[in-house]
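Below you'll find the structure, written out as structure tokens, and then a few comments.
Lettering follows sequence order; numbering is per chain, from 1. Note that the structure is a prediction, hence the values are computed from the model and not measured.
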Number of protein chains: 2
Amino acid sequence: MKKPTRAPQAAVAVAEPPKPRGRPRSFDREAALDAAMQVFWEKGFEGASINDLTAAMGVNPPSLYAAFGDKESLFLATIEHYAASRSDQVCPDHPTAKKAIEAYLRFKADILTGSGHPRGCMLMVAFFTAANASPRLQQVLAMKRAQAREFLKERIKRGLREGDVPAGTDAEELADFYTAIVGGLAQQARDGATHRSLLATVERALTLFPEP
Amino acid sequence: MKKPTRAPQAAVAVAEPPKPRGRPRSFDREAALDAAMQVFWEKGFEGASINDLTAAMGVNPPSLYAAFGDKESLFLATIEHYAASRSDQVCPDHPTAKKAIEAYLRFKADILTGSGHPRGCMLMVAFFTAANASPRLQQVLAMKRAQAREFLKERIKRGLREGDVPAGTDAEELADFYTAIVGGLAQQARDGATHRSLLATVERALTLFPEP
DNA sequence: CTAATTCTGTAGTGGTCGATACGGAACGGT
DNA sequence: ACCGTTCCGTATCGACCACTACAGAATTAG
């Protein structure tokens with residue numbers, strides 16, 4: 001992607017933008033994206049109107065459309081923003097599958113009841129509020145859900161290879177179980193459950209993780 | 001509510017309707033309600049338009065409004081129809097709390113993946129698609145959710161009294177856990193999970209039901 | 001029969017939806 | 001200074017939303 005040729009005087013700054021020519025944008029794109037994420041997180045995809053979004057972002061409709069495209073593109077951008085800042089933050093360097101999944105569940109419980117943003121999981125809200133959306137959007141959301149399940153499954157499989165998960169364990173089935181736990185936590189968090197209540201369910205669910 | 005006085009000639013038929021006077025309704029109210037339920041179940045409250053509903057019910061808008069009131073009233077009627085025909089069908093005569101909850105979970109798994117209606121739990125779809133709805137509607141939905149949790153909690157408490165649940169068991173916490181399981185099952189079913197997969201999760205979740 | 005009543009279908013109502021046309025403002029290049 | 005470019009704010013656009021006015025059809029009461 002990088003063309004080493006043609007670098008006129010930019011000897012120092014590599015990522016320097018080539019100075020856009022027209023009138024500069026009067027708002028912070030990342031801040032506006034974060035505001036849009038909060039609206040979608042709270043009201044869902046179909047439940048959030050352009051009016052809601054522009055009000056929260058402090059931007060007029062033409063600026064929104066110029067910066068992000070249509071409503072669906074903006075939503076996809078907020079999904080990536082959400083995944084990058086929340087969903088994909090699990091560090092993978094836990095010694096055993098059980099510890100990795102414990103960390104994953106605790107991390108989820110933290111986010112689901114965290115302050116400074118709406119309750120529950122944005123991807124789950126999106127899932128249930130995109131029934132009339134385009135197949136493209138539904139496909140992206142389905143992929144995100146499948147990724148979460150895949151993360152659990154692959155970590156269990158690695159535990160099987162490394163011996164910290166007893167042989168004969170059904171990785172698919174165990175991943176399904178903990179995926180269900182995460183889904184249940186997300187729903188209860190949306191319903192107003194406390195962080196403490198979620199952690200209790202996490203603890204209980206972890207007690208039946210198979211050990212050698 | 002009943003006035004024993006003034007019963008002219010209705011000696012035999014007690015529930016006989018007093019023969020309405022105007023033009024008779026040209027559609028079956030229960031069938032229309034069931035069709036509306038399917039639409040709301042699939043698309044959610046905000047996602048289902050009056051157009052979708054009238055098309056599925058085979059009825060024109062004025063007939064819909066005359067028979068059910070506004071959209072929210074129709075939705076509340078479908079919620080009751082759903083609860084009466086699906087959610088409230090658990091027979092309570094199981095000898096132990098574990099068996100009762102096992103039956104409850106298996107029954108949920110059956111409904112969530114049943115044929116002849118959309119996947120997943122209508123109440124959960126309603127929950128996530130009523131963010132902009134009236135407080136009255138949100139309150140009704142919250143009550144329905146609380147009832148499900150209460151059913152589990154009370155059955156566990158009864159098990160504690162009758163001795164089939166070991167003393168010291170935290171009924172609140174255990175009920176929260178199985179409520180999360182049900183929520184997770186509902187989400188996975190909506191996502192296309194098989195009945196078999198759901199049953200596997202149910203089996204796994206039941207293995208950590210405390211026994212004396 | 002006529003009158004009263006209740007439902008049905010047509011054809012809309014005002015309001016909000018997502019998305020835009022347009023003219024002026026703010027910038028860099030020359 | 002002047003021009004091309006890009007963004008901003010106003011003021012919409014047609015489409016769809018939940019909902020209904022109205023007139024005629026179907027029934028019962030008398």
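Atom pair A:Arg25:CZ and D:dC7:P shows a separation of 6 Å (rounding to whole Å applied). Straight-line distance from the CZ atom of B:Arg23 to the P atom of D:dA29: 18 Å, rounded to whole Å. As rounded to whole Å, 13 Å separates atom P of C:dG18 from atom CG of A:Asn132. For the pair B:Phe68 CZ and C:dC7 C1', the computed distance is 14 Å after rounding to whole Å. Atom CG of A:Leu64 is separated from atom C1' of D:dT6 by 17 Å (rounded to the nearest Å). Distance, A:Asp70 CG to C:dC17 P: 17 Å, rounded to whole Å.
Between A:Arg158 and A:Glu154 there is no salt bridge, since no side-chain nitrogen of the basic residue lies less than 4.0 Å from a carboxylate oxygen of the acidic one.
Note on A:Arg21: a base of the nucleic acid sits closer than 4.0 angstrom, heavy atoms only.
When the side-chain nitrogen and oxygen atoms of A:Ser26 are compared with OP1 and OP2 of D:dC8, one or more of them lie within a distance under 4.0 Å.
A cation-pi arrangement is absent between B:Lys71 and B:Tyr65, since the terminal nitrogen or guanidinium carbon is not both under 6.0 Å from the aromatic centre and inside a 45° cone about the axis.
Proximity of residues 34-63 of chain A to DNA chain C (heavy atom under 4.0 angstrom from any strand atom) is restricted to A:Ala48, A:Ser49, A:Ile50, A:Pro61, A:Pro62.
Aromatic pair A:Phe127/B:Phe128: ring centres not closer than 6.0 Å.
The environment of B:Lys99 atom NZ is sparse: at most 12 non-hydrogen atoms of other residues, nucleotides or ligands sit within 6.0 angstrom.
For the pair B:Gly22 and B:Tyr65, both in contact range of DNA chain D, the more 5′-proximal nearest nucleotide belongs to B:Tyr65.
Ring planes of A:His117 and A:Trp41: parallel class, angle under 30° (limits at 30 and 60°).
In this structure, the separation between CG on A:Leu112 and CG on A:Leu185 is 6.5 Å, given to the nearest 0.5 Å.
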